[in-house]
There are 2 protein chains.
Amino acid sequence: MAVTVELLKRFPMLQSLSEQELEQLAQQSSIKSVSRRAVVINGGVASDYLCFLFEGRLQGVDFTLDGREVGLYFVEPGDFCGELGLYDKQGQPESVIALSKSQIILMPVSAVRTAIQGSHQMVESLFTRMATRVRKLSAQRALLGLSSTVARVCGQLWMMLEEQDSLNRREGVIAYPPTHQELGIMLNLSRETVTRVFQTLQTQEVVKRDGTTRLLVLDEKSLRALFEAGDG
Amino acid sequence: MAVTVELLKRFPMLQSLSEQELEQLAQQSSIKSVSRRAVVINGGVASDYLCFLFEGRLQGVDFTLDGREVGLYFVEPGDFCGELGLYDKQGQPESVIALSKSQIILMPVSAVRTAIQGSHQMVESLFTRMATRVRKLSAQRALLGLSSTVARVCGQLWMMLEEQDSLNRREGVIAYPPTHQELGIMLNLSRETVTRVFQTLQTQEVVKRDGTTRLLVLDEKSLRALFEAGDG
DNA sequence: GAAAACGTGTGACTGTGGTCACTTCACTTC
DNA sequence: GAAGTGAAGTGACCACAGTCACACGTTTTC
C-alpha cells in the first residue's frame with residue numbers, strides 16, 4: 001500500500017518538512033499492518049527503518065535474562081520509534097512490540113537522514129527527544145540506587161504520574177498502571193514485596209485502586225515524601 | 001584569554017567546520033581555568049555553555065541522597081561535555097567536576113547551535129554520541145536488575161573492560177578502577193559486599209589487583225560467564 | 001455458566017546482604 | 001621512619017526481602 005503525503009502530515013515530527021520533502025519520504029516508505037504481540041523492532045539488532053505509528057499501540061520492552069519482559073514505554077498514534085540507530089548502525093537495546101493490531105509506516109533511515117538535512121527543525125526535535133530519554137534513564141538509574149523498597153515503588157509511581165497527560169496528572173490518576181509483577185521487574189523487587197508495599201500505601205491512603213485500569217494517587221505529597229526519604 | 005581557531009581545531013567534534021565558522025565560534029567562546037574539585041557543570045541546572053576540555057581531566061558525577069558521589073564517566077582532553085541541554089533548556093542530570101587543575105573552553109549553546117546548522121557532520125557526531133549514551137545507560141539499568149551480587153559486579157567489570165583503550169582491552173587491564181565503595185554505590189551494594197565478591201573472584205583467579213591503579217582480568221571467559229549467569 | 005487464566009493478597013520460613021565494629025594494608029606527608 | 005589517612009579485609013549479628021505455598025477475586029474464553 002502506498003504512503004500518502006497527507007498521512008505523513010499527521011506526524012508532529014515531520015511537520016516542518018516541505019511538500020516536496022514529504023513526497024520524497026512517502027515514496028520510499030511503506031505501510032505495514034502488524035498483529036497483536038508482533039515484534040516491530042528487534043532489540044539489539046540494527047534496523048534499516050524508523051517506525052511511525054498511525055493506528056494501534058506499541059510498547060518498548062526489554063527482556064530479563066530469565067525471559068520475562070519488562071515494559072519500558074508506550075508509543076501512541078502520531079509518535080514513532082527506532083531512531084536510536086539513525087546514524088550508527090547499532091540499533092536500540094530494547095524491542096518494540098504491538099500491544100494491539102496496528103498500522104505502521106516503515107521509513108528507511110537513509111530517507112530520514114536526507115530529510116533531516118533539509119530541516120533543522122527535525123534536528124532539534126530529535127535531539128530534544130534523545131535528551132529526554134537520557135534524563136529518564138538517568139532518573140530510573142537513580143531510583144534503583146535507593147535501598148528502601150517503599151522509596152523505590154513511590155519513586156516509580158511518581159515518575160509515572162509525571163508522565164500522564166495533563167488531565168490525569170492534575171487529578172492524580174495513573175492510567176493503565178503496570179501489574180505488581182511488572183513493577184517488580186522494573187524495580188528489582190519480587191512481586192510479593194510490591195504487593196506488600198501497596199498494602200501499606202493503601203492503608204495509609206496514599207494510593208487507591210480504581211478498577212484494573214486506573215490507580216489514584218490520593219496523597220501526592222506523602223508519595224513524594226516517601227520517595228525522597230530514600231534510604232532507610 | 002582569547003580562544004584561537006587553532007585551539008578549536010584540536011577537537012574532533014569541530015573538525016568538519018570551515019575556517020570561517022570556527023572563527024565565529026572562537027570569538028564567542030572563552031577560556032577558563034578551573035582548579036581541582038571545582039564544579040564545571042552543575043547537575044540538574046540548565047547551562048548556557050558547552051564545555052570543551054583541552055588540558056586536565058574531568059569527571060561526570062552523580063550524588064546520592066545521602067551526599068556521597070558516584071563517578072559516571074571521564075572527560076579527557078579533546079573531548080567535551082554539557083551537550084544534553086543544547087536545545088531544551090533543561091541541563092543534564094549529573095554534575096561535572098575537575099579531577100585536576102584543568103583548562104576548559106566555554107562555548108555558548110547559541111553559537112554551537114549556529115555552527116551545527118552549517119555542518120551536518122556535527123549533527124551526526126552529536127546524535128551518535130547521544131545514542132551511545134542511551135545504550136550505556138540502558139545496559140547499566142539491565143545490570144541493576146540482576147538479583148545475584150556477583151553477576152552485578154562481574155557485569156560492571158565487563159562493561160568497564162569494554163570501555164578501555166584497545167591496548168588495555170586486549171591485555172585485560174582495567175585502568176584506574178573505582179574503589180569498592182564507589183562500585184558499591186553504582187551497583188546498589190554495600191562496600192563490604194563488593195569486597196567479599198572481589199575475594200571470591202580473586203581466589204577463583206578471575207581478577208587480580210595490580211597496585212592501586214590497575215585491575216587485571218585474568219579469566220575473561222569466567223567473568224563473562226558469571227555475569228551472564230545472572231539470576232541465582 | 002463452567003473452566004481457565006491471570007492478578008492480587010497473605011502467612012511461614014529462610015538466606016542473603018546490610019550494619020557495625022574492628023583490624024590490616026598501602027600510600028602520603030611530615 | 002613515624003604519623004596520618006583512606007581503602008580493603010573480616011567476623012558476628014540480624015532484619016528485610018525473597019521464596020514457596022496456597023487462597024481469593026476478576027476477567028476472559030469457549
Side-chain angles (χ1 to χ4, degrees), chain A residues 36-37 64-66 68-71 99-100 143-154 156-157 174 176-204 207-216 226 229-232, chain B residues 36-37 64-66 68-71 99-100 143-154 156-157 174 176-204 207-216 226 229-232:
Chain A
R36 192 175 125 77
R37 306 271 325 149
T64 55
L65 287 163
D66 50 353
R68 290 172 307 179
E69 70 184 46
V70 201
L99 288 177
S100 57
L143 235 149
L144 284 167
L146 301 177
S147 54
S148 149
T149 55
V150 267
R152 289 224 282 286
V153 173
C154 290
Q156 183 69 45
L157 290 177
I174 296 175
Y176 299 99
T179 65
H180 293 180
Q181 176 71 277
E182 289 176 317
L183 269 174
I185 298 173
M186 292 186 219
L187 298 171
N188 206 12
L189 296 171
S190 73
R191 202 259 314 157
E192 291 90 331
T193 301
V194 175
T195 299
R196 281 169 194 139
V197 170
F198 263 84
Q199 286 305 98
T200 318
L201 293 180
Q202 272 160 29
T203 56
Q204 287 179 9
V207 301
K208 186 170 183 290
R209 290 187 51 182
D210 181 15
T212 347
T213 56
R214 283 152 53 96
L215 183 72
L216 308 179
L226 284 167
D231 299 309
Chain B
R36 192 175 125 78
R37 305 268 331 147
T64 55
L65 286 163
D66 50 351
R68 289 172 305 180
E69 71 183 44
V70 201
L99 288 177
S100 57
L143 216 99
L144 284 167
L146 301 176
S147 53
S148 149
T149 54
V150 265
R152 289 223 284 284
V153 173
C154 290
Q156 182 69 45
L157 291 177
I174 297 175
Y176 298 99
T179 66
H180 292 181
Q181 177 70 275
E182 290 175 317
L183 268 175
I185 299 174
M186 292 187 217
L187 298 171
N188 206 13
L189 296 171
S190 72
R191 202 257 317 157
E192 292 89 332
T193 301
V194 176
T195 299
R196 288 189 248 262
V197 170
F198 264 85
Q199 286 305 97
T200 317
L201 294 180
Q202 271 159 28
T203 55
Q204 287 179 9
V207 300
K208 186 168 182 292
R209 291 186 53 182
D210 181 16
T212 346
T213 57
R214 283 153 54 98
L215 183 73
L216 307 179
L226 284 167
D231 300 308

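Every chain is numbered from 1 and lettered A, B, ... according to where its sequence line falls, protein lines coming before strand lines.
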Can a donor-acceptor pair be found, under 3.5 Å and without considering hydrogens, that links the side chain of A:Q202 to the backbone of A:Q199?
no
Quick one: the side chain of A:R191 and the base of C:dG9, do they pair up donor-acceptor inside 3.5 Å?
yes
CZ on A:R191 to NE2 on A:H180, rounded to 0.5 Å:
8.5 Å
In whole angstrom, what separates B:E182's CD from D:dA8's C1'?
13 Å
Would you say B:R36's side chain and B:L99's backbone share a donor-acceptor pair under 3.5 angstrom?
yes
Hey, does A:E192 reach any base, or is it just sugar-phosphate, or nothing, if we go heavy atoms under 4.0 Å?
base
If you check every side-chain atom of B:T179, which of C:dA21, C:dT8, D:dA7 has the closest atom?
D:dA7
Go through the N and O atoms of the side chain of B:R152 and the base of C:dT16, and report whether any donor-acceptor pair is under 3.5 Å.
no
Selection from D:dA8, D:dT19, C:dT10 that lies nearest to any side-chain heavy atom of B:H180:
D:dA8
Say whether, by atom type as modelled, one donor and one acceptor occur between the side chain of A:N188 and the main chain of B:L144 under 3.5 angstrom.
yes
Between B:Q202 (CD) and D:dA8 (P), how many Å, whole number?
11 Å
Judged by atom type as modelled, is there a donor-acceptor pair below 3.5 Å linking the side chain of A:R152 to the main-chain atoms of A:L146?
yes
A:L146 CG to D:dC16 C1': how many Å, rounded?
16 Å
B:T149 has its side chain closest, among D:dT19, C:dG17, D:dA17, to C:dG17
Rounded to whole Å, please give me the gap between CG in B:L183 and P in D:dG6.
19 Å
Could you work out which one of D:dA17, C:dT19, C:dG17 sits closest to the side chain of B:T193?
C:dG17
Can you tell me the distance, in whole Å, between the CZ atom of A:R36 and the P atom of D:dT28?
11 Å
Of the listed nucleotides (C:dC27, C:dG18, D:dA8), which one gets closest to any side-chain atom of B:T212?
C:dC27
Pairing partner of C:dC30 (Watson-Crick or G-U wobble, both distances under 3.5 Å):
D:dG1
Starting at the 5' end of DNA chain C and moving along, which residue's nearest nucleotide shows up first, A:R196 or A:R209?
A:R209
By nearest heavy atom, map A:S190 and B:Q199 onto DNA chain D; which one lands nearer the 5' end?
B:Q199
Nearest-Å distance, CZ (B:F198) to C1' (D:dA8)?
11 Å
